[in-house]
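This report concerns only the one structure given below.
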2 protein chains.
Amino acid sequence: MTPSIRQLRALTAAVETGSFGRAALRLHLSQPALTVQIRELEQALGVSLFDRTARGAQPTAAGAALAESFGRILAELDAVVDGAREQAARRAGVVHLAVLPSVAATLLPGALARLKAAHPGIRVMLRDAVAKRVGALVKEGSAELGIGHATTPDPELSETPLFEDELVAVLPPDHPLAARPRLTLEELAATPLVLTDPESSLRALAEAAFASAGLAPRPAYEATYMSTAVALVRAGLGVGLLPASAMDLRVAPLLATRPVDSPLLRRRIVLLRRRGASLSPAAEALIEVLQPDD
Amino acid sequence: MTPSIRQLRALTAAVETGSFGRAALRLHLSQPALTVQIRELEQALGVSLFDRTARGAQPTAAGAALAESFGRILAELDAVVDGAREQAARRAGVVHLAVLPSVAATLLPGALARLKAAHPGIRVMLRDAVAKRVGALVKEGSAELGIGHATTPDPELSETPLFEDELVAVLPPDHPLAARPRLTLEELAATPLVLTDPESSLRALAEAAFASAGLAPRPAYEATYMSTAVALVRAGLGVGLLPASAMDLRVAPLLATRPVDSPLLRRRIVLLRRRGASLSPAAEALIEVLQPDD
DNA sequence: GCCAGTCATAAGAAAAGCAGATGACCCCTT
DNA sequence: AAGGGGTCATCTGCTTTTCTTATGACTGGC
């Protein structure tokens, strides 16, 4: 018994054009079809909306008032629908992303630049967190996507590999160990190291590699931010153990990097999403730019 | 291409109940029907609104956001429609009425009281004006109804008789003329008179009656408000010539009224409305109470 | 008095919407 | 591990709605 959208449009068009025929034209309808819509609206409401004369239909007070209300409602509806379509077309939207700090500093800036170029209307709400938190944020839904590393499979999460990351030794070019093309865990364990925060997954990775070789590293310094760690290394305070991907940057010319002989220093960086939860168009766009070799 | 109201209701119900089946129940639909509505809405918008799992449909972010917007729009629409129905049912509404001052003081109070009793929600916007203005106000549309007296027929206006009004002589009980049961125009022309404003239709009526008998009245006083005229008569300053209908009131016991022998002192009070303009339900209700002998 | 313009009506056709039956899937229980 | 209950999707035939075309009725102007 509530009027249909067609009837709302019919009334507003008829009042605005002042003629059933012109209103029908505007709505791409035949004039009888519009007449019927108006009549049924009148019956549904129990109010007469127009005074029909031989030279046009004059809206009654009720008709004019209703047309205005309906026009406002239709405009609101159209705005909402357009907004949804904008998001579907990736011209707008937000995606909440939880990401490891190491990745945020390396892979992400380029990806976000590509996203901005391809879809300028999409915003990314970034949250950096250690690996466990990344998974938790995605699971609880406060992040639609996560970038973490492969862990024990969680039934609620689905993982898609993004790239392989590797911890490499970072050291000043004039450091004694820089003479060797590759380093061993033993060599590293015997020298002062610059490591990251004990909470970080990079640190856990390093600890695990040393432990499996029966070694105990000598952390001389711990830094929360990678830029700090790099500065410490550059100051000659120790040898860093940092993601290879991070070393592509401006740091490179000033520091030497050397691979380390340990398969355990590798890790797979993966994209995390809630299993069974479909992705927003904005998230799909983000995923596309995260996989440059796709 | 814009979604239908059914689809809006389907989405809000599905999001609120968290289940297609329960939503269908709420909308008195079968579950397949609701599924179809949701699917077509998704296709129309290009967005997936639910993540279907085997144990229910979980709204996506887009689905939840749209449901809220749609809910707001539907509530607004329902309010507008309810308002229109209220007016149709005469439980609300406004009617603009232009009325002669003489009638405003006599017939109208009772009619408005009856209207208030029968339809407490209807408001009357009252405007008193002389006869010509009453007609003009109705013609230009700023009054939906008018109460005036019969004039030269206007093609744009339609007249419905309400009652016959008659000017009677009003005088103190101890006035010499009060001894006679009926008065003549000649007798009145020979005595000082209390008349109304020269602009008023009552005055025009009196003047015409005297003129057609070849007489010239002697207006001793002119009053704009009828209550003033009555006060002047009571003070013994002259004989009044006022509508009989006005004399039913509290004035009666203190003053005598006498009919005057002249058919020209009668006039038909009519209801005026724009020809071809339908009436609002509120106006119809007012008309009903204006015709107590209907 | 006819002509042009308006809205209303009628009839057949097209489209949309619906209910009921059924299927696929998953979780949970036994 | 098999079955039961609950979910949503699909299919089919029918009903209801909606549309177009053709036509009528009315009015105002030339």
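Residue numbers start from 1 in every chain, and the chains themselves are labelled A, B, ... in the order their sequence lines are given, proteins ahead of strands. The model shown is predicted, which means the values in this text are computed figures rather than measured ones.
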Report summary line: One should read off an interatomic distance between A:Ser48 OG and A:Arg39 CZ, to the nearest 0.5 angstrom, of 14.0 Å
**Report entry** B:Glu68 atom CD, neighbour heavy-atom count above 12 within 6.0 Å
**Finding:** no
Query - Lys/Arg N to Asp/Glu carboxylate O, B:Arg22 vs B:Glu16, below 4.0 Å - result: no
Report task. Please list residues of residues 51-67 of chain A whose heavy atoms come under 4.0 Å from any atom in DNA chain D, ordered by number; otherwise none. Result -> A:Ala54, A:Arg55
Query - B:Arg266 with B:Asp165: basic N within carboxylate O range, under 4.0 Å - result: no
Query raised in the report: Between A:Arg6 and D:dC19, does any side-chain N or O lie under 4.0 Å from OP1 or OP2?
Result: yes
Query raised in the report: Charged N to carboxylate O below 4.0 Å: is that the case for A:Glu288 and A:Arg90?
Result: yes
Query raised in the report: When you check the gap from the basic side-chain N to the acidic O, do A:Arg9 and A:Asp78 get nearer than 4.0 Å?
Result: yes
Requested in this report: State whether the side chain of B:Arg127 and the backbone N or O of B:Ala98 hold a donor-acceptor pair below 3.5 Å, judged by distance alone.
Outcome: no
Query raised in the report: Separation of A:Arg39 atom CZ from C:dA8 atom C1', in whole Å?
Result: 8 Å
Report task. Send over the distance from B:Glu40 CD to D:dA9 P, rounded to a whole Å. Result -> 13 Å
Query raised in the report: What's the CG-C1' distance between B:Leu34 and D:dC8, to the nearest Å?
Result: 11 Å
Report task. Tell me whether the OP1 or OP2 atom of D:dT17 has a side-chain N or O from A:Gln37 closer than 4.0 Å. Result -> no
Report task. Could you tell me whether B:Arg274 and B:Glu159 make a salt bridge, using a distance below 4.0 angstrom between a side-chain N and a carboxylate O? Result -> no
Query - d(CG, B:Leu41; C1', C:dA16) in whole Å - result: 16 Å
Query raised in the report: How long is the line joining CD1 of A:Ile38 and C1' of C:dT9, in whole Å?
Result: 17 Å
Query - Nucleic acid contacts of residues 9-31 of chain B, taken as heavy-atom distances under 4.0 Å to DNA chain C - result: B:His28, B:Leu29, B:Ser30
Query raised in the report: How do A:Gln7 and B:Thr35 order along DNA chain D: which one's closest nucleotide is nearer the 5' end?
Result: B:Thr35
Query raised in the report: Taking NZ, NE, NH1 and NH2 as the nitrogens, is one of them in A:Glu86 or A:Arg91 under 4.0 Å from a carboxylate oxygen of the other?
Result: yes
